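This one's a predicted model, so the numbers in the text were calculated from it and none came from an experiment.
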Amino acid sequence: MLGLEQNSSYAPVICGVGVYKLADDDAGAGIVHDLGNLIQVVSAAVNIIGRNPSVMATSSLLPIVARARVSLESASALVRQTMASARERTAETNDDLVNVDLALSPLADVLASLCEPDVAFQMALQRDLPPIRCSSVGLRTAVLNLVMNARDASANGGTISIDVVLKELLGRTDVVISITDRGEGMSEATRARAFEPRFTTKQGGRGTGYGLAMVHQFMRTSGGTAEIHSQFGSGTSVALRFPAASVAR
């Protein structure tokens, strides 16, 4: 696993600045509200399918149902974030005490399935780390966003890895989740604008420009930071730094 400090070829870190706010017009809020209702209907249908004896007896179908449930859970979280932003409230409740290992472990198979066959996925978690304060659904959504970005940047194959470590910085103890790829990397100009809403380098309408902006907003409301280390042609590493809620002695 390539840690942030271990790769001296990466250019200086770029931290997200500013505040991302979605448009709060009534028409947009109404559309998002209706989308939330539709997601609930689809979620109910997936749950019914998942409980069907024939599906439960077919091992190849179980991971597909599991991936659908995780994706719908993330979609529901995005709807809640958007509606809360439209009402000028905090995007998610950030009072949850989250164990990173327990929150991310169920995602391992889902994230691996998102990668192309020529992309190896690795996730190294630690069970003895202190908890963090954030939304567990928001955390999973942020990691999902970053892994999908890493996948899109790895058109020629390679490795995508998630590493979780405890770090001391300026007297503060942080839990750091790093998502690293060996893909195309970012130019200095791209890296400087990466957290801007609506900014994207993806062609053919594949990018909305909101993925990294949503990650930045989530980290801001969680009291943490999102940092990007990247160099064009050498890959990218995004670090999510959360203040540790408590430190085991």
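- Scanning for side-chain hydrogen bond (donor to acceptor under 3.5 Å, both in side chains) contacts around S54 gives N52, with sequence neighbours left out.
- Residues L146 and L240 form a side-chain contact, since some pair of their non-hydrogen atoms from C-beta on lies under 4.5 Å apart.
- When all heavy atoms of L125 and S105 are compared, the closest pair comes out as CD1-OG, 3.4 Å.
- Annotation: side chain of V98 is not in contact with side chain of P131 (no heavy-atom distance under 4.5 Å).
- Separating the CG atom in D163 from the CD1 atom in I177 is a distance of 10.0 Å, to the nearest 0.5 Å.
- Listed by chain and number, the residues in a side chain to side chain contact (heavy atoms under 4.5 Å, CB included) with D174 are R172, V176, R241, P243 (sequence neighbours excluded).
- Closest approach of S234 to R182, counting heavy atoms only: O-NH1, 3.1 Å.
- Shown here for A155 and D118, the closest heavy-atom pair between the two residues is O-OD2, 4.3 Å.
- Taken together through direct or relayed side-chain contacts under 4.5 Å among Ile, Leu, Val, Met, Phe, Trp and Tyr, L102 and L166 form parts of separate hydrophobic clusters.
- In terms of modelled atom types and a separation under 3.5 Å, the side chain of T141 and the main chain of V137 share a donor-acceptor contact.
- What you find for T236 and G185 is that their closest heavy atoms are OG1-CA, 3.6 Å.
- No side-chain heavy atom of I160 sits under 4.5 Å from any side-chain heavy atom of T180.
- For the atom pair I48 CD1 and S43 OG, the distance stands at 11.0 Å (nearest 0.5 Å).
- A donor-acceptor contact shorter than 3.5 Å is absent between the side chain of T173 and the backbone of A244.
- Q126 places a side-chain heavy atom less than 4.5 Å from the side chain of V165.
- Put simply, CZ on R133 and CG on L97 are 5.0 Å apart, with the number rounded to the nearest 0.5 Å.
- Evaluation of the side chain to side chain contact (heavy atoms under 4.5 Å, CB included) rule for S71 yields no partner, not counting sequence neighbours.
- In the hydrophobic clustering of this structure, F232 does not group with L212; members are Ile, Leu, Val, Met, Phe, Trp, Tyr whose side-chain heavy atoms approach within less than 4.5 Å, directly or through other members.
- Within the 4.5 Å cutoff, the side chain of V238 has no heavy atoms near those of the E227 side chain.
- Residues satisfying the side chain to side chain contact (heavy atoms under 4.5 Å, CB included) test with M56, not counting sequence neighbours, are none.
- In this structure, V175 and P130 have side chains that are in contact, with non-hydrogen atoms separated by less than 4.5 Å.
- Under the side-chain hydrogen bond (donor to acceptor under 3.5 Å, both in side chains) criterion, S154 pairs with no residue, sequence neighbours left out.
- The number of heavy-atom neighbours closer than 6.0 Å to CZ of F121, taken from other residues, nucleotides and ligands shown, is above 12.
- Residue M219 holds its CE atom at 3.5 Å from CZ of F242, rounded to the nearest 0.5 Å.
- In the hydrophobic clustering (ILVMFWY side chains linked at under 4.5 Å, chained through shared members), L169 is joined by L170.
- Taking each heavy atom of P106 and A103 in turn, the nearest pair found is CD-O, 3.7 Å.
- Sorted by first and then second residue, the salt bridge (Lys or Arg N to Asp or Glu O under 4.0 Å) pairs with a member in residues 51-77 read E73-R140; sequence neighbours excluded.
- In this structure, T58 has no side-chain hydrogen bond (donor to acceptor under 3.5 Å, both in side chains) partners at least two apart in sequence or on a different chain.
- Taking hydrophobic clusters as Ile, Leu, Val, Met, Phe, Trp and Tyr residues chained together by side-chain heavy-atom distances below 4.5 Å, V164 shares a cluster with V147.
- Here the shortest heavy-atom pairing between L139 and C134 reads CB-SG, 4.2 Å.
- By the 4.5 Å heavy-atom criterion applied to side chains, V100 and I132 are counted as neighbours.
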Q. Does the pair V65 and V46 meet the rule for a side chain to side chain contact (heavy atoms under 4.5 Å, CB included), with working shown?
A. CA-CA 7 Å; V65 173; V46 169; 4.1 Å; yes
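- Around atom CG of N47, more than 12 heavy atoms belonging to other residues, nucleotides or ligands sit under 6.0 Å away.
- Sorted by first and then second residue, the salt bridge (Lys or Arg N to Asp or Glu O under 4.0 Å) pairs involving residues 97-117 (not counting sequence neighbours) form an empty list.
- The distance from atom OG of S237 to atom CD1 of I179, rounded to the nearest 0.5 Å, is 7.5 Å.
- Contacts of N145 classified as side-chain hydrogen bond (donor to acceptor under 3.5 Å, both in side chains), with partners at least two apart in sequence or in another chain: none.
- Applying the side chain to side chain contact (heavy atoms under 4.5 Å, CB included) criterion to I49, with sequence neighbours excluded, gives V55.
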